[in-house]
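First the structure, in the form of structure tokens, and then the observations on it.
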Amino acid sequence: MLSPGDQRDEVILDAPAKINLFLKILGRRPDGYHDLQSLMVKVDLSDRLRLWPIDSGIQFEFKGNEVPDDSSNLVWKAAKLFYRHTGIPEGVAIQLEKNIPVAAGLGGGSSDGAAVLLALNQLHGGGLSENTLADLGKRLGADVPFFIRPYSVAYAQGVGDRLTQVSGLGHYEIVLVNPGFSVSTKWAFETFALTSKVNPYILAPEWDYPASTSTYLREIPKFPVDVAVMANDLEKATIPHHSVVGEIKAVLQKCGALLSLMSGSGPTVFGVFPDHDRAVAGFEICCRNFGKMVYLTKPLP
Ligand code: ATP
């Protein structure tokens, strides 16, 4: 068990989860990654990281949901990358309180990695700019730059790293339902490519995204249910293998969610509710039906 030294020297940061309000896969790139378009929103379900200086090395421990405790952990990788890039001698202890479900489509590992880069920069004098931290983050994973940025909603292009800030989601509340198993992002993308009868390198043309998130949500009730804009393409891969994802979506919609989709590569499903009362009712029904990994959250402002 690591024990913090002088509390004045420690940095505590929350690492929030994200959902994808839509996720369109445009095609596979020659490097194996996929070009996509997505609207990403940070929510107030968070991991918590606590860092403080030590004489030398990188020490790491976690409590909560199970994550790897070796060099494959994004916390450790982010710390290594920071020290290698800056040339500052290694010297940090990191405690991770893991609250976000793992391999769940909620970006928890990416968010932890981003939080470590931000926290180490703070701990060691703030020498790196936000753009440099975002560039470093991209080396850890496509979603990491989003968590480096201070804004809560972004339209993402490229592999998810080309970001445009979008206005916030406002008063909506979001119920997250995790069915209690994990899905690998790599598996979801590979399986999705197999579902496509067309050239997997060009799956869809680019399209214009709505100017603001709230405009997008206001438009939702007007769309026919199958309209492409409301979709997460990766559901085509996941739902045939995990029918509970479809069942959760149906329950959330029945409870009054304006939009219910799998987030990212899943299997977590979210429902966006127009007000607190309907969100609480949806949350309680999902707790009864789908167990304990159900969360009532708000989008970050
Ligand atoms: P993404 O959509 O960003 O690929 P995800 O939200 O579906 O990811 P994560 O929770 O980020 O999934 O976990 C993805 C993989 O990364 C898991 O296999 C997990 O073992 C590994 N991993 C490494 N470090 C972490 C971490 N700090 N938190 C969560 N997972 C981690």
Side-chain angles (χ1 to χ4, degrees), residues 13-23 25 32-34 36 38-43 45-51 58-82 92 94-120 137-148 154 156 158-161 163 176-192 232-235 237-238 241-242 245 261-270 293 295 297:
L13 269 191
D14 283 338
K18 59 83 184 156
I19 57 168
N20 302 80
L21 280 190
F22 63 77
L23 178 57
I25 315 276
Y33 284 93
H34 286 78
L36 51 85
S38 184
L39 196 55
M40 299 168 80
V41 180
K42 292 173 189 161
V43 298
L45 168 66
S46 300
D47 293 338
R48 175 156 282 201
L49 286 123
R50 189 170 180 196
L51 298 88
I58 300 169
Q59 292 180 12
F60 166 58
E61 70 176 16
F62 71 89
K63 59 180 181 185
N65 296 333
E66 195 74 22
V67 283
D69 62 358
D70 55 18
S71 60
S72 69
N73 197 296
L74 281 156
V75 165
W76 194 87
K77 283 186 180 173
K80 263 307 208 214
L81 182 62
F82 177 88
V92 69
I94 308 175
Q95 272 178 347
L96 167 66
E97 183 186 308
K98 189 73 202 170
N99 304 314
I100 303 172
V102 176
L106 297 172
S110 303
S111 189
D112 293 345
V116 168
L117 292 176
L118 289 165
L120 283 176
K138 195 179 156 187
R139 295 197 221 160
L140 295 172
D143 286 348
V144 179
F146 173 59
F147 293 106
I148 293 286
V159 294
D161 60 312
L163 300 167
L176 303 176
V177 184
N178 180 275
F181 54 88
S182 61
V183 166
S184 134
T185 304
K186 190 165 177 285
W187 174 87
F189 275 93
E190 284 171 1
T191 309
F192 171 72
N232 175 349
D233 282 346
L234 292 177
E235 287 182 351
T238 309
H241 289 83
H242 302 290
V245 170
L261 284 180
M262 189 177 82
S263 181
S265 50
T268 306
V269 178
F270 65 83
M293 288 171 92
Y295 308 87
T297 69

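Nothing here was measured: the structure is a model prediction, and the numbers come from that model. Atoms within each ligand, like the ligands themselves, are counted from 1 in listed order.
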Is it the side chain, the backbone, both or neither of [X] that has a heavy atom closer than 4.0 Å to ligand 1?
X	value
D112	side chain
S182	neither
N73	both
S184	neither

Please say whether more than 12 non-hydrogen atoms of neighbouring residues, nucleotides or ligands are located less than 6.0 Å from CZ in F181. yes

Quick one: which ligand 1 atoms are inside 4.0 Å of a heavy atom on [X]?
X	value
L106	6 (O)
G107	3 (O), 5 (P), 6 (O)
T185	1 (P), 2 (O), 4 (O), 7 (O), 8 (O)
S72	23 (C)
G105	5 (P), 6 (O), 7 (O)
D143	2 (O), 3 (O)

In terms of its nearest heavy atom to atom 10 (O) of ligand 1, the top option of S265, A103, A142, G108 is A103

Give yes or no for whether the N/O distance cutoff of 3.5 Å, strictly under, is met between [X] and ligand 1.
X	value
G109	yes
L74	yes
V67	no

Shortest non-hydrogen separation from [X] to [Y] and the atoms involved:
X	Y	answer
S265	T238	O-OG1, 3.9 Å
L45	Y295	CD1-CD2, 3.8 Å
P16	I100	C-CD1, 3.9 Å
A15	L49	CB-CD1, 3.9 Å

Step by step, work out the side-chain contact (heavy atoms from CB on, under 4.5 Å) result for L96 and F60. CA-CA 8 Å; L96 167 66; F60 166 58; 3.9 Å; yes

Check: Considering all protein heavy atoms, does one lie under 4.0 Å from atom 24 (N) of ligand 1?
Finding: yes

Between V116 and F82, is the side-chain contact (heavy atoms from CB on, under 4.5 Å) condition met? List the steps.
CA-CA 9 Å; V116 168; F82 177 88; over 6 Å; no

Do me a favour and list the nearest non-hydrogen protein atom to [atom] with residue, atom name and distance?
atom	value
atom 20 (O) of ligand 1	P68 CD, 3.4 Å
atom 30 (N) of ligand 1	V102 CG1, 3.7 Å
atom 28 (N) of ligand 1	K98 NZ, 2.9 Å

Tell me whether ligand 1 is touched by K77 - counting only heavy atoms on the residue side and a distance under 4.0 Å. no

